[in-house]
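Below: the structure, in structure tokens.
So you know, we letter chains A, B, ... as the sequences are listed, proteins then strands, and number each from 1.
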Amino acid sequence: MEKLIRYSVKKLLEASSSQLVGTEINIKGWVRTRRGNNTLAFIAVNDGSIVHSIQVVAELENFDESTIKLVTTGSCISVNGILVESPGKEQSVEIQARHIEVYGTADAETFPLQKKGHTLEFLREIAHLRPRTNTFGSVLRIRHSLAFAIHKFFNDKDFFYLHSPIITGSDAEGAGAMFRVTTLDPHNPPMNAEGKIDFTQDFFGKETNLTVSGQLEGELGALALSNIYTFGPTFRAENSNTPRHLAEFWMIEPEMAFYEIQDNMDLAEECLKYIIRYALDHNFADLEFLNKMYDKELIERLQSVIEVDFIRLTYTEAVEILIKSGQKFEFKVEWGIDLQSEHERYLVEKHFGKPVILTDYPRDIKAFYMKQNDDGKTVRAMDILFPKIGEIIGGSQREENYDKLLNRIHEMGIPEKDVWWYLDTRRYGTAPHSGFGLGFERLVLFVTGMANIRDVIPFPRTPNNAEF
RNA sequence: UCCUCAGUAGCUCAGUUGGUUAGAGCAUUUGACUGUUAAUCAAAGGGUCCCUGGUUCAAGUCCAGGCUGGGGAGCCA
């Protein structure tokens with residue numbers, strides 16, 4: 001087959017490609033459907049560059065019957081043909097095929113993807129093939145855009161991308177159960193004099209785990225470079241079986257020296273709006289598809305979020321609103337409790353109807369590193385609550401006072417020897433600083449309108465599932 | 001981990017108070033059709049009714065245990 005310039009389907013469907021009409025070009029991609037009659041075959045080809053497929057028209061008299069027979073749903077083909085304006089209603093251009101090469105067949109009897117819609121549950125079982133569906137193509141393209149937008153947002157603000165370690169020797173944050181990292185033989189581990197496993201003989205000479213957060217290392221970076229962010233995989237060995245939890249997920253954790261809690265909130269709100277706007281600007285075709293197929297209010301919701309000011313109020317004010325609401329909650333509301341999802345949902349979806357930033361939580365329900373307020377009861381935490389998905393960001397101003405931090409570490413029973421390096425940042429040139437954590441998949445959930453977090457990551461890891 | 005719902009053809013589902021040979025749509029195969037849009041029309045093939053045990057003359061249907069999946073909750077991002 002003659003070698004011609006290959007164009008992506010996206011390029012050909014763009015209006016600017018009209019100068020290509022009348023010329024012979026090449027496309028390569030996977031066949032979504034083949035229709036036709038005894039003289040023509042219509043082949044919808046998708047190469048993942050865009051949600052739409054391009055229609056290839058083959059006049060059967062110009063092709064071997066045996067070739068056309070191999071062009072089935074799921075097969076991969078290369079097509080040379082002339083780009084022409086389409087007489088059909090559903091597309092502006094199509095390709096009049098001259099030559100078709102079949103790269104890979106897909107046995108119609110066994111290929112699991114059909115022209116018809118599949119349930120998301122079924123597609124999860126064939127995660128190796130689901131990227132070839134319109135839905136997952138859209139989700140994965142949006143996921144890419146969001147990741148890119150995050151880097152662009154921070155880079156444009158002169159933040160530095162800091163690579164926090166994935167293997168960690170500390171469990172200081174206590175953010176959840178951890179995955180052990182070891183090279184010891186599980187059947188015959190070395191034992192010490194006390195009859196316990198001797199981790200001094202392990203690869204790192206100590207117990208190590210996969211990270212549950214890059215924040216503590218992020219702070220080390222911020223207290224040198226001023227503004228940093230991390231963006232990497234995070235692991236939680238919690239036995240969480242919900243549509244909002246993964247054992248392996250990605251998290252963005254900016255950390256800023258000289259930022260107080262208000263600056264932190266401003267940055268977080270600006271960041272979320274920037275990213276969502278980026279998706280609206282760059283992935284509109286995908287969003288339209290998801291809006292049509294899964295969530296009729298998706299685009300409207302995204303637009304409303306970037307237009308409104310997020311509501312800001314304290315935990316104490318939120319508790320008052322909840323108590324006065326007269327709403328029946330399964331969990332009774334009183335000052336000091338951790339807010340349940342029913343409470344958060346009431347505030348965001350019923351009471352305010354827009355994103356809410358809650359601050360100044362009781363210190364007893366928050367992490368040790370959060371800056372203590374003068375009232376002795378609360379800390380400068382901030383959580384951003386979103387409609388549909390709940391908490392999307394959790395952050396705080398950090399405690400920069402050495403004595404207060406050390407006290408809190410003692411109170412919470414954290415071994416000082418594990419965090420000596422963290423404490424050192426408060427001994428030497430400490431500074432007020434703040435940061436937050438943004439769960440990447442929760443963001444992708446919100447932007448795509450998907451309902452289950454397993455559908456916004458290519459290969460989800462959850463309890464009892466590490467297939468693919 | 002707890003609560004709850006579900007599991008029947010490749011996919012999505014129906015299947016009556018327990019009763020003859022378990023059905024439909026789509027998909028697949030074959031045929032028809034001169035521009036289709038999830039093409040249309042006709043015919044055919046396709047079943048470990050999740051697994052194990054129990055009740056019964058008789059179980060897809062009832063009971064027990066298990067497995068898998070969905071939803072809700074907790075933990076959290």
Taking the [atom1] atom in each of [N] and [M], what is the distance between them to the nearest angstrom?
N: B:rU36; M: B:rG31; atom1: P; value: 23 Å
N: B:rC11; M: B:rU48; atom1: P; value: 11 Å
N: B:rA9; M: B:rG15; atom1: C1'; value: 14 Å
N: B:rG25; M: B:rU40; atom1: C1'; value: 15 Å
N: B:rG72; M: B:rA27; atom1: C1'; value: 34 Å
N: B:rG23; M: B:rG46; atom1: C1'; value: 13 Å
N: B:rU20; M: B:rU34; atom1: P; value: 47 Å
N: B:rA24; M: B:rA44; atom1: P; value: 11 Å

Checklist entry - Of the residues in residues 82-115 of chain A, which ones touch RNA chain B at a heavy-atom distance under 4.0 Å? => result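 Output list: A:Ser86, A:Pro87, A:Gly88, A:Lys89, A:Glu90, A:Gln91, A:Glu94, A:Gln96, A:Ala108, A:Glu109, A:Gln114, A:Lys115.
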Go ahead and name the base partner of [N]; Watson-Crick or wobble counts if both distances stay under 3.5 Å, otherwise write none.
N: B:rC13; value: B:rG23
N: B:rC2; value: B:rG72
N: B:rC62; value: B:rG54
N: B:rA44; value: B:rU28

Checklist entry - If the sugar-phosphate is the primed atoms plus P, OP1 and OP2 and the base is the rest, what is the B/S/- string for nucleotides 67-73 of chain B, using protein heavy atoms under 4.0 Å? => result ---SSSB
Checklist entry - Does the B:rC76 base have a donor-acceptor partner in the side chain of A:His245 within less than 3.5 Å? => result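 Check passes, donor-acceptor contact within cut-off.
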Item to check | Between B:rC76 (P) and A:Leu339 (CG): distance, integer Å | outcome: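 The distance from CG of A:Leu339 to P of B:rC76 comes to 13 Å, rounded to the nearest Å.
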Checklist entry - How close or far is atom C1' of B:rA32 from atom CZ of A:Arg35, stated in whole angstroms? => result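 Atom CZ in A:Arg35 sits about 19 Å away from atom C1' in B:rA32.
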Next on the checklist: For the residue pair A:Gln55 / A:Ser86, report whether a side-chain donor-acceptor contact shorter than 3.5 Å exists.
Outcome noted: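 No, because no side-chain N or O of A:Ser86 sits under 3.5 Å from a partner of the opposite role on A:Gln55.
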Next on the checklist: Ignoring hydrogens and geometry beyond distance, is a side-chain donor-acceptor pair present between A:Asp360 and A:Thr316 at under 3.5 Å?
Outcome noted: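 No, no side-chain donor-acceptor pair sits under 3.5 Å.
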Next on the checklist: Working note: A:Tyr161 + A:Phe154, criterion ring-ring contact (aromatic ring centres under 6.0 Å, His included); need CA distance, chi angles, decisive distance, verdict.
Outcome noted: CA-CA 8 Å; A:Tyr161 179 25; A:Phe154 286 115; 9.8 Å; no
Checklist entry - Once the angle between the rings of A:Phe368 and A:Tyr422 is folded into 0 to 90°, is it parallel (under 30°), tilted (30 to 60°) or perpendicular (over 60°)? => result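 A:Phe368 and A:Tyr422: perpendicular rings.
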Checklist entry - What class does the angle between the rings of A:Tyr278 and A:Phe148 fall in, given that below 30° is parallel, 30 to 60° is tilted and above 60° is perpendicular? => result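 Aromatic pair A:Tyr278/A:Phe148 classed tilted.
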Checklist entry - Which distance, rounded to the nearest 0.5 Å, do you find between the CZ of A:Arg141 and the OG of A:Ser49? => result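 Those atoms lie 7.5 Å apart.
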Heavy atoms under 4.0 Å, any strand shown: does [X] hit a base, just sugar-phosphate, or nothing?
X: A:Gly117; answer: base
X: A:Phe122; answer: sugar-phosphate
X: A:Leu246; answer: base

Item to check | A:Thr230 side chain near A:Ile252 side chain, heavy-atom distance below 4.5 Å | outcome: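 When only atoms from C-beta onward are counted, A:Ile252 and A:Thr230 do not touch, as no gap falls below 4.5 Å.
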Item to check | Side-chain ion pair, A:Glu24 and A:Arg98, N-O less than 4.0 Å | outcome: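 Looking at A:Arg98 together with A:Glu24, the answer is yes, because their closest N to O distance falls below 4.0 Å.
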Next on the checklist: Does B:rU36 have its OP1 or OP2 closer than 4.0 Å to a side-chain nitrogen or oxygen of A:Asn37?
Outcome noted: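 It does not, given that no N or O in the side chain of A:Asn37 lies less than 4.0 Å from OP1 or OP2 of B:rU36.
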Item to check | All pairs passing ring pair (Phe, Tyr, Trp, His ring centres under 6.0 Å) where residues 441-466 of chain A contributes a residue, at least two apart | outcome: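 Matches after skipping sequence neighbours: A:Phe386-A:Phe446.
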Next on the checklist: Is the positively charged end of A:Lys273 above the ring of A:Phe310, judged by distance under 6.0 angstrom from the centroid and angle within 45° of the axis?
Outcome noted: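 That pair qualifies as a cation-pi contact.
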